[in-house]
Amino acid sequence: MAIHKLSARKVETAQAGKYEDGGGLRLVVSANGSKRWVLRFTIDGKRREKGLGPYPVVTLEAAREHALECRRQVYAGQDPIENRKEKDSRTPTFRECAIAYIESNKHAWTNKKHADQWSNSLTTYAFPVIGNKSVTNINVDHILKVLEPIWYEKNETAKRVQTRVAKILDYAIARKYRSSSNPAKWQGHLDTILPKPTSIQKRKHHPAMPLGEVSNFWKILSSKQATSANALQLLILTATRTSEVLKATWDEIDLDEGIWVIPKERMKTKKEHRVPLSKQAIRLLGELPKIEGSNYLFPGNRKGSALSNMAMLTLMRKMGYESGSEKGDYVPHGFRSTFRDWAGEVSNYPRDVVEMALAHTIDNKVEAAYRRGDMFKKRAEMMQDWADFFTPTNKSNQL
């Protein structure tokens with residue numbers, strides 16, 4: 001019986017389906033991209049299936065080791081599933097609690113990448129120290145051994161790890177695996193031992209291009225024949241976020257009405273956002289090719305995929321905008337700040353109108369006006385003035 005058919009690369013890149021490693025070990029990839037290990041075996045003439053945990057919390061090597069142990073139990077006439085039930089009556093390890101917590105909560109997370117982010121950070125920083133420890137025995141010294149090596153150099157990462165470890169230990173407390181004391185909690189505990197993140201972290205703003213440089217940048221950008229260049233043009237014209245542009249689909253666009261409706265599922269605020277399209281934006285979209293088999297405005301290289309989230313940044317780097325460059329270390333998201341600078345320094349539009357254009361949270365009274373459509377007209381005027389500010393005047397009237 002051939003075993004070890006899979007490679008680490010194959011597991012990492014596997015699409016929806018079932019993949020055999022041999023010896024009954026199988027990788028199951030769901031339609032939403034989540035991955036889990038399953039072991040199939042026969043005992044007493046009955047076919048059984050045992051879950052070995054999700055990938056990447058359980059690596060290929062770990063799954064093979066677990067599968068080997070289970071096959072040994074079967075060879076000895078023992079049922080691994082029944083053995084596990086007996087084991088479950090004992091206090092679980094931190095790793096086991098972490099796996100259970102992620103499995104229990106991942107369906108509520110709006111971004112499917114969250115489960116991978118949790119798994120990766122815990123695997124890298126927490127499991128080597130406390131992964132195999134019983135959750136009952138974990139104390140503040142163990143937590144500090146996890147956090148202190150990265151608290152100063154990687155503080156944002158360290159704070160995320162602290163929060164995640166605390167949630168898992170809260171889960172253990174709720175399941176009565178340990179007492180009510182949580183050694184990983186921040187408020188009133190670790191905050192008396194470790195310096196506050198705000199005293200360590202230097203806030204990083206997205207580098208924004210000065211207003212005086214936008215027009216010349218636009219001239220160069222609009223001359224480029226590339227999907228990433230078209231995407232960046234739409235981002236600048238609409239002052240929208242990178243993800244909103246990259247995931248935009250044709251059914252969201254109405255060129256006749258000059259409107260782009262971004263559904264709430266794709267918005268940071270979880271509210272539908274109506275984006276008025278300037279003449280320049282309408283022209284840009286009208287000239288975009290529609291690719292067969294893709295509904296994205298800016299399709300990626302792989303069939304059915306959107307443009308990579310690094311494509312626009314890579315384009316700007318190729319244009320010479322990078323760290324240490326005389327041109328500046330500007331990034332696509334920084335154009336939202338450039339738009340805000342224009343709105344505050346050049347235009348006379350009210351702050352609420354500007355905030356609404358940026359899809360920021362606004363008060364209920366203004367929100368009501370927006371829903372009636374009054375603000376949309378004002379925003380349409382503003383976005384046209386913004387486009388006219390940095391594009392050649394003779395082009396803005398060619399419709």
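Residues take their numbers from the sequence shown, with the count starting at 1. Only a predicted model underlies this, so the values are computations on that prediction, with no experimental measurement involved.
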Participant: Using modelled atom types and a 3.5 Å cut-off, is there a donor and acceptor pairing between side-chain atoms of Tyr19 and backbone atoms of Gln15?
Facilitator: yes
Participant: Decide if atom NZ of Lys270 counts as having more than 12 heavy atoms of other residues, nucleotides or ligands within a radius under 6.0 Å.
Facilitator: yes
Participant: Mind listing the closest non-hydrogen atom pair of Ala208 and Gly334 along with its distance?
Facilitator: CB-O, 3.2 Å
Participant: Does CG belonging to Asn301 count more than 12 external heavy atoms closer than 6.0 Å?
Facilitator: no
Participant: So does Ile291 get a backbone contact from the side chain of Ser294, meaning a donor-acceptor N/O pair under 3.5 Å?
Facilitator: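 Side chain of Ser294 to backbone of Ile291: no pair is present.
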Participant: In plain terms, say whether Lys106 and Glu103 are close enough for a salt bridge, that is, a side-chain N and a carboxylate O under 4.0 Å apart.
Facilitator: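 Answer for the salt bridge query: yes.
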Participant: With heavy-atom distances below 4.5 Å as the criterion, would you say the side chains of Leu285 and Trp260 are in contact?
Facilitator: no
Participant: Between Asp329 and Arg317 (salt bridge meaning N to carboxylate O under 4.0 Å), is one present in this structure?
Facilitator: yes
Participant: Check the pair Gln280 / Thr391 against side chain to side chain donor-acceptor pair (under 3.5 Å), numbers first and verdict last.
Facilitator: CA-CA 8 Å; Gln280 291 88 334; Thr391 63; 2.9 Å; yes
Participant: With a 4.5 Å cut-off on side-chain heavy atoms, are Ser243 and Arg266 touching?
Facilitator: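 No, side chains not in contact.
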Participant: If we ignore hydrogens and angles and just use 3.5 Å, is the side chain of Arg48 paired with the main-chain N or O of Thr42 as donor and acceptor?
Facilitator: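 Not at all, since once roles are kept as given, no pair shorter than 3.5 Å links the two residues.
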Participant: Checking side chain to side chain donor-acceptor pair (under 3.5 Å) for the pair Ser119/Thr123: CA distance, chi angles, key distance, verdict?
Facilitator: CA-CA 6 Å; Ser119 300; Thr123 299; 5.9 Å; no
Participant: Is there side-chain contact between Met312 and Thr242, with heavy atoms separated by less than 4.5 Å?
Facilitator: yes
Participant: Side-chain contact, heavy-atom cut-off 4.5 Å: Gln73 with Asp79?
Facilitator: no
Participant: What's the shortest heavy-atom distance between Leu169 and Ala184, and which atoms?
Facilitator: CD1-CB, 4.0 Å
Participant: Between Lys327 and Tyr321, is NZ or CZ placed under 6.0 angstrom from the six-membered ring centre and within 45° of the ring axis?
Facilitator: yes
Participant: Do side-chain atoms of Ser305 reach the backbone of Arg302 as a donor and acceptor pair under 3.5 angstrom?
Facilitator: yes
Participant: So, using salt bridge (charged side-chain N to carboxylate O under 4.0 Å, His left out) as the criterion, who are the partners of Arg178 when residues are at least two apart?
Facilitator: none
Participant: Would you say that Met267 contacts Glu265 through its side chain, given a criterion of any heavy-atom pair below 4.5 Å between the two side chains?
Facilitator: no
Participant: Measure across Thr240 and Val245 and return the closest heavy-atom pair with its distance rounded to 0.1 Å.
Facilitator: OG1-CG2, 3.2 Å
Participant: Just say parallel, tilted or perpendicular for the rings of Tyr171 and Tyr101, cut-offs at 30° and 60°.
Facilitator: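 Perpendicular: the ring planes of Tyr171 and Tyr101 meet at over 60°.
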Participant: Both conditions, 6.0 Å and 45 degrees, for the charged tip of Lys159 above the ring of Trp186: are they met here?
Facilitator: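 Lys159 over Trp186 ring: yes.
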Participant: Show the nearest heavy-atom pair for residues Ser181 and Pro183, with the distance to one decimal.
Facilitator: O-CD, 3.6 Å
Participant: If you compare all heavy atoms of Lys50 against all heavy atoms of Cys70, which two are closest, and at what distance to 0.1 Å?
Facilitator: CE-SG, 3.7 Å
Participant: Any sub-3.5 Å donor-acceptor pair from Asp44's side-chain atoms to Lys46's backbone N or O?
Facilitator: no
Participant: For atom NZ of Lys247, decide whether the heavy atoms of other residues, nucleotides or ligands shown that lie under 6.0 angstrom number more than 12.
Facilitator: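 12 or below, so no.
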Participant: In this structure, is the centre-to-centre distance between the rings of Phe390 and Trp342 below 6.0 Å?
Facilitator: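 No, too far apart.
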Participant: Keeping the roles fixed (side chain from Ser308, backbone from Gly300), state whether a donor-acceptor pair exists under 3.5 Å.
Facilitator: no
Participant: Given side chains that start at C-beta, do those of Ser228 and Thr314 come closer than 4.5 Å, heavy atoms only?
Facilitator: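 Contact flag for Ser228/Thr314 side chains = no.
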Participant: Do you know the tightest heavy-atom contact between Arg64 and Lys5?
Facilitator: NH2-N, 4.2 Å
Participant: Using modelled atom types only, decide if a donor and an acceptor are shared between the side chain of Asn120 and the backbone of Gln117 within a distance under 3.5 Å.
Facilitator: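 No, because the side chain of Asn120 does not come within donor-acceptor range (under 3.5 Å) of the backbone of Gln117.
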Participant: State which residues pass side-chain contact (heavy atoms from CB on, under 4.5 Å) with Lys268; sequence neighbours excluded, sorted by chain then number.
Facilitator: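 Residues passing side-chain contact (heavy atoms from CB on, under 4.5 Å) with Lys268: Arg241.
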Participant: Are the side chains of Ile220 and Met319 in contact, using a 4.5 Å heavy-atom criterion?
Facilitator: yes
Participant: I'd like to know whether CD of Glu257 has more than 12 heavy-atom contacts from other residues, nucleotides or ligands below 6.0 angstrom.
Facilitator: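 Count not over threshold, so no.
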Participant: Would a distance-only check, ignoring hydrogens and angles, find a side-chain to backbone donor-acceptor pair under 3.5 Å from Glu345 to Ala343?
Facilitator: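 It does not hold such a pair.
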Participant: Salt bridge or not for Asp21 and Arg26, using N-O below 4.0 Å?
Facilitator: no
Participant: Checking side-chain contact (heavy atoms from CB on, under 4.5 Å) between Thr338 and each of Trp386, Phe217, Tyr330, which is the one that passes?
Facilitator: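 The passing option is Trp386.
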Participant: Take atom CZ in Arg36; do more than 12 heavy atoms of anything else shown fall under 6.0 Å from it?
Facilitator: no
Participant: Is there a side-chain contact between Leu297 and Asn230 in this structure, where contact means two heavy atoms from C-beta onward sitting under 4.5 Å apart?
Facilitator: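 With C-beta onward as the side chain, the pair stays apart.
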